[in-house]
Number of protein chains: 2
Amino acid sequence: MYEVEIKVPADLDATRERLREAGAERVDARRQRDTYYDAPHREFAETDEALRIRREVPLSDGEATDEEAATVTYKGPLLDDASKTRAEHETGIDDGEALDAVLSGLGFEPAATVEKRREFWSYDGFTVTLDAVAGLDEYVEIERTVGAETEVDAAREAAVAALDRLGLDAAEQVRTSYLGLLLAAADD
Amino acid sequence: MYEVEIKVPADLDATRERLREAGAERVDARRQRDTYYDAPHREFAETDEALRIRREVPLSDGEATDEEAATVTYKGPLLDDASKTRAEHETGIDDGEALDAVLSGLGFEPAATVEKRREFWSYDGFTVTLDAVAGLDEYVEIERTVGAETEVDAAREAAVAALDRLGLDAAEQVRTSYLGLLLAAADD
């Protein structure tokens with residue numbers, strides 16, 4: 001499985017309008033609040049690991065519903081720099097606050113929070129995600145998963161063309177994660 | 001809330017027979033597999049903390065059903081030696097194996113496993129638990145929660161009397177946890 005993904009800065013209202021005009025389908029909307037932790041015994045920035053609790057609420061008409069789901073995710077160090085392979089382990093948890101307290105007890109400290117409202121659209125075989133990230137600009141991600149490495153180039157070309165039809169320019173691609181962008185903004 | 005609890009070595013078949021004769025009700029039966037972890041940055045034995053994943057399966061006619069539930073629990077250091085107060089945080093998790101992989105990735109290593117079959121009986125206002133612990137003898141725990149410290153002595157006397165009626169001797173009380181008993185047995 002290979003993931004083709006391009007993220008660009010965007011005006012979400014304009015992109016939403018183009019998606020509607022193109023007959024794209026709005027699939028889902030959620031608010032995600034991600035807390036990233038520092039470890040007491042390692043520098044995750046150096047080891048390239050991450051530990052995250054995600055709290056997620058479905059949005060209905062832009063309003064949060066009361067069904068919060070929480071997930072804990074660990075991303076291990078890159079095993080292979082070329083393919084960006086890394087171990088990733090994840091499970092749903094009943095109570096995000098309780099797991100936060102477990103981690104705090106063990107000496108892990110919340111280091112950064114990324115909060116975003118995401119709208120997921122289905123368009124031309126891609127998932128198009130409209131992201132309003134607290135403290136950052138608006139972004140659009142376009143994404144498709146392909147089964148073989150030989151399909152990656154064609155999928156990427158199709159993604160560039162789809163972005164173009166939505167009035168977006170793949171040349172403005174941002175490769176930094178939202179966490180990275182927030183940390184960079186905090187350093188300014 | 002005060003918990004009055006006495007644990008004694010017992011013959012479970014004999015105790016079960018006495019409970020039946022006394023008209024006690026068997027409430028539930030479960031197999032619990034507890035994995036305790038060592039930390040990469042602290043000696044839990046010295047700090048008196050514990051990190052545990054419990055995997056639990058309801059037993060029906062002594063057979064495991066397929067609904068495994070998993071829980072993660074962190075027990076903090078004793079805050080007050082007299083009252084044995086400590087912070088405890090716990091949450092259910094969807095996938096015990098995934099959380100084990102998260103902890104392993106972070107450098108926490110499984111240090112000990114306690115596996116037991118537990119039958120819970122309701123008797124005379126107490127919960128009586130029949131525990132068959134893998135690698136140890138059989139034990140019975142009798143337990144009641146009271147709301148005020150002034151009720152503790154009376155509840156303890158009632159527990160001693162109830163144990164006596166079940167053919168068990170409170171003077172044989174074992175205060176060590178099953179984990180402690182297993183680690184002590186391994187040291188022999």
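Below, chain A is the first sequence line, B the second, and so on; all start at residue 1. Any value given below was found using the heavy atoms of this structure, including those in side chains, with hydrogens, waters and symmetry copies removed.
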Checking side-chain polar atoms at under 3.5 Å, does B/Tyr178 have a donor or acceptor matched by the opposite partner on B/Asp131?
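A donor-acceptor contact under 3.5 Å links the two side chains.
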Only pairs of heavy atoms separated by less than 4.5 Å count here; which of A/Glu97, A/Arg42, A/Glu49 has the most with chain B?
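Among the listed options, the one with the most contacts to chain B is A/Arg42.
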Could you tell me whether a side-chain N or O of B/Arg144 sits under 3.5 Å from a main-chain N or O of B/Gly125, the two making a donor and an acceptor?
yes
Under the 3.5 angstrom rule, does the side chain of B/Glu172 hit a backbone N or O of B/Asp169 as a donor-acceptor pair?
no
Any Lys/Arg nitrogen of B/Asp153 or B/Arg156 sitting under 4.0 Å from an Asp/Glu carboxylate oxygen of the other?
no
Does the distance from a Lys or Arg side-chain N to an Asp or Glu carboxylate O, for A/Arg52 and A/Glu90, drop under 4.0 Å?
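Counted as a salt bridge, because a side-chain N and a carboxylate O are separated by less than 4.0 Å.
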Within residues 101-121 of chain A, which positions have a heavy-atom distance to chain B below 4.5 Å?
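So the qualifying residues are A/Ala101, A/Val102, A/Gly105, A/Leu106, A/Gly107, A/Phe108.
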Looking at residues at least two apart in the chain, or sitting in another chain, which of them share a ring-ring contact (aromatic ring centres under 6.0 Å, His included) with A/Tyr36?
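With sequence neighbours excluded, A/Tyr36 shows a ring-ring contact (aromatic ring centres under 6.0 Å, His included) to no residue whatsoever.
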